[in-house]
Each structure stands twice: as C-alpha cells, then as structure tokens.
Protein chains: 2
Amino acid sequence: MKKAEATRLTILQKAFELIYVKGYQTTSIDDILATTQVTKGAFYYHFKNKDEMGLAIINEILKPTMAESFIAPLQNQGNPLVFIYEMMNHLLIDNPYLKPEFGCPASNLTQEMTPWNVDFSQALNELTKQWEETLIGALENGKLNGFVRNDVNARQVTLMVMSGYWGVRNLGKLDQGKESYVLYLKELKNYLKSLN
Amino acid sequence: MKKAEATRLTILQKAFELIYVKGYQTTSIDDILATTQVTKGAFYYHFKNKDEMGLAIINEILKPTMAESFIAPLQNQGNPLVFIYEMMNHLLIDNPYLKPEFGCPASNLTQEMTPWNVDFSQALNELTKQWEETLIGALENGKLNGFVRNDVNARQVTLMVMSGYWGVRNLGKLDQGKESYVLYLKELKNYLKSLN
DNA sequence: ATCAAAACATACTAATTAGTATGTTTTTGA
DNA sequence: TCAAAAACATACTAATTAGTATGTTTTGAT
C-alpha cells in the first residue's frame, strides 16, 4: 500500500474507534490528530472537512465490517432462525470490539446524526437497508425450506430483530456488564422458536 | 406559582424540547437563553451549570412524564399483554409530542451521555429501572390471573419489549414517517400473543 | 538527476462555547 | 417602610473548535 493511502486509512480507523467511544460531535479533529500522530495539513489533504471523513468512515469502515458480521453469516443455507440467533449471540457476547458501555457504532451514529445531517442519514439508511434486506431474504428462504412458518411476515420479524438489537445495545449502556444481553438473547431464542 | 419558579420551569421545559430535537451537547446555553428569553444571569442563578440543568430535566420533566405514559397504563388490572400493546401503540402512533425523526428522549440521552457522564447515567438508569420493574410487575400479575403463560419469564419479556421500543425509535429516525413503527407493532402483537 | 505534483507540517484565524464578574432590579419579611 | 436577600441583567473571559494560509518535504515519472 502506498504511504499516503496508509495515512488515510489510519485516520479512518483511529477516528472510527474514537467516535465509537466518544461520539462524533465530541471527537475533535485535534483528538484524531493526537492519536494518529498525523498533522492538520495531512488531515485536510485527505479530507475536505470533518463530515467528509465521517462519511468515509461509514462507507469504507462500517459498511464492510457490517457486511462481514451481519450479512455473511446469513448467506448460508440452513435454518435462518438458528443463524439469526447465533449472529446475535456472536455480536453481543463474543465480539471483542463491541463493548456494552459504548453500544453499537451504527446505532450510535444514527441517533447522533439523524435527522440533521442529511448525508449521514442517507449513508446510514443504506447501511441498515442492506442488513434488513439480507435478513428478509434469509427468512423467506427459510419459509421455502420449511424452517419458518409460512404465515410469518419476514419484514416484520426483521424489524423486530433489528429493533431488539439496537435497543438492547442502548439499554445495555446503562448496566455494568452483559446482563441485559443475556436476558435479551434468552427471550430472542423463545421468540424465534415461535416462528417455526 | 412564584415568578422565579416559573422562570426555572420555563427553562427546563424549553431546554427539554431543544435537547430532544437537537441533542444535549449541541444545544448551547445561548440557544436556551434565546428561546426562553431568559438572561444568562437568571440561568446561572437557577442552575450551577449546564449538567445540573440536564439532571433537573431528567428528574423533573422526563421522570414524571414517563411515569404518566409508561407506568400508569400498567397499574390497571386486566390483561397486561393487551395493555403493553396499547401502550406501545399509543406511544408510537398517537403521541403527538414524540416525532419519528427525533426518536425517544430517554433513549437519545442514554446514547449520548453514557457512559461518560456518571450522573446522567445514574439518573437514566433509575428511569429505566422504574419502567422495567413496572412491566415485570404487570406481567407477573398477568401470570397469576391467567393472562400470561406460567413458563414466561417476565424479566426477559420486559427486556424484549423495552429493547424493541428503543430500537424502533432509533431505526425509525432513518425513514420519513411511521412505517417502521407500524411493522414493529404488528409483529409485537404476534409476539405478545405467543405469551398466553 | 530534476522538477512538478503529491503529501505533509506549522502557525494562524474566526466563531462558538461554558462559565464568571459585577452590576441592577425586584421581592419579601420585620 | 426599608433593608436584605432573591432574582435577574450585561459585559466579559478563557478554552476549544473547525478550518485556512502558507509554507516544506517527499515521491515518482521522465
């Protein structure tokens, strides 16, 4: 990789971590410069302004990461109800990068930036729609293969699952550890069981 | 009411609205002064600093409002599954003060202030615990009265319901209207039906 | 090797922010 | 009524912020 590209990527990655922990508005450019050891001149060479960097984070960091975590596990054949549960369990319990006290990066950004920042709103909307359609597809597939009852509304179930995830990620910020996650997952299992 | 008390209350109410719409950090004290027509001297006579005002908003505006919206409807006897659905329907569809594009005040504040602001975290935790315990109580009552299956775990269901609400309030910020709310409510009804 | 463009570095600016200092006016209790 | 306290008003400060102006250094193609 070219050196300049490496600089740009460092900025995106470190800024993403800072924003995940502190929030977008409260992460200053000086914060980012301090942790990356990049100078202001370099920063503004790579990005027109802070928002352009923020959008690059969504499109070049968040989107691929989510595609890997949320989309890939559902492309397999097999019982989508099982895959959905395992995906959630992995995200909430196993994933070492997502800490309960900091919530979910995409959910945090959505809460902070919508509806005022139109560009962020649109980018985040694409992100969630991508996840939504994948879940719906997996559930429809599950209906065809007999894993899911035929009267189940895939879009409704998807919204229930996604809402539950974002919600428990936010509720979980209030307690010390993963208690809320554990309780949520147990009930998610019951709910998913009721769909076949 | 004393004039001074009225000034204080005006600040709390208008600031609450501004914070709901714009967020806590991005609502400046000058914003609040401009919309309330209160001067800086008056503001700092009533509040030591911005955070003290924020905490007063939680304890004196949010808490009573939530007690009215979330707690009261569940104190009745009768089928808690029905009451929960109607509460959600009322909050998401009927309530004229809560706009999809601005989400849920308590959820927004939780996302923005935790874990860094300890005082806010604690106040918001009390708020949600209050709601949680009320929901659990209503469900346990429903079990005793035969409205809810006995093998249902009230705390788990409560977490599912609360997570779903906060989650869909955040997801809903991304679309124009209440489509997500409608879909969520339909599936919530199915889910609640599976509990009796 | 050279030179132009790319990449980076440093010092500055203008706006915004929470909070303070120091007043004046209004209310209240004896 | 009248003084003291409560309530409010205004001007200021110091820090932080995103962004700019103006450089120097590095890179890569010829």
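Every chain is numbered from 1 and lettered A, B, ... according to where its sequence line falls, protein lines coming before strand lines.
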Peer 1: Which part of the nucleic acid, if any, lies within reach of A/Thr39 when heavy atoms closer than 4.0 Å are counted: base, sugar-phosphate only, or nothing?
Peer 2: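 A/Thr39: base contact, heavy atoms under 4.0 Å.
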
Peer 1: State whether a side-chain donor-acceptor pair under 3.5 Å links A/Asp51 with A/Tyr24.
Peer 2: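 Result is yes, a qualifying pair exists.
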
Peer 1: D/dT20 C1' sits how many Å from A/Asn49 CG, rounded?
Peer 2: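 Going from A/Asn49 (CG) to D/dT20 (C1'), I get 13 Å.
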
Peer 1: Give the rounded distance in Å between these two atoms: CZ of A/Arg8 and C1' of C/dA6.
Peer 2: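 From A/Arg8 CZ to C/dA6 C1': 15 Å.
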
Peer 1: Can you confirm if the aromatic rings of B/Tyr97 and B/Tyr20 lie within a centre distance of less than 6.0 Å?
Peer 2: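 Ring centroids of B/Tyr20 and B/Tyr97 are no less than 6.0 Å from each other.
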
Peer 1: Rounding to a whole Å, what distance do you find between A/Lys2:NZ and D/dT27:P?
Peer 2: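 Distance check: A/Lys2 NZ to D/dT27 P gives 12 Å.
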
Peer 1: With nearest nucleotide decided by heavy atoms, which residue, A/Gly41 or A/Tyr24, maps closer to the 5′ end of DNA chain D?
Peer 2: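 Of the two residues, A/Tyr24 wins.
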
Peer 1: With distance as the sole criterion, is a donor-acceptor pair present between the side chains of B/Thr110 and A/Asn170 under 3.5 Å?
Peer 2: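 The answer is no; no qualifying pair exists.
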
Peer 1: Less than 3.5 Å apart, any donor N or O on the side chain of B/Gln156 or A/Tyr191 sitting next to an acceptor on the other?
Peer 2: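 Per modelled atom types, B/Gln156 and A/Tyr191 side chains form no pair under 3.5 Å.
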
Peer 1: Could you check how far CG of B/Asp30 sits from P of D/dA11, rounded to whole Å?
Peer 2: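 Taking atom P of D/dA11 as the reference, CG of B/Asp30 is at 14 Å.
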
Peer 1: Roughly, in whole Å, what's the span from CG in A/Leu33 to P in C/dC8?
Peer 2: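 From A/Leu33 CG to C/dC8 P: 13 Å.
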
Peer 1: Looking at C/dC8, I'd like to know if its phosphate oxygens (OP1 or OP2) sit under 4.0 Å from a side-chain N or O belonging to A/His46.
Peer 2: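 Affirmative; the distance criterion is met.
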
Peer 1: Base of C/dG19, side chain of B/Lys40 - is there a donor-acceptor contact under 3.5 Å?
Peer 2: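 Looking at the base of C/dG19, it does pair with a donor or acceptor on the side chain of B/Lys40 (distance under 3.5 Å).
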
Peer 1: Return the value, rounded to whole Å, for the distance between atom OH of A/Tyr44 and atom C1' of D/dT22.
Peer 2: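 So the OH-C1' distance, A/Tyr44 to D/dT22, works out to 16 Å.
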
Peer 1: Rounded to whole angstrom units, what separation is found between the CD1 atom of B/Ile29 and the P atom of C/dT20?
Peer 2: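 Those two atoms, CD1 and P, are 10 Å apart.
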
Peer 1: Identify whether any heavy atom of B/Phe43 sits under 4.0 Å from a base atom; if not, whether one sits that close to sugar-phosphate; answer base, sugar-phosphate or nothing.
Peer 2: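 Touches nothing.
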
Peer 1: Rounded to whole Å, please give me the gap between NZ in B/Lys50 and P in C/dT20.
Peer 2: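 After rounding, the gap between these two atoms is 15 Å.
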
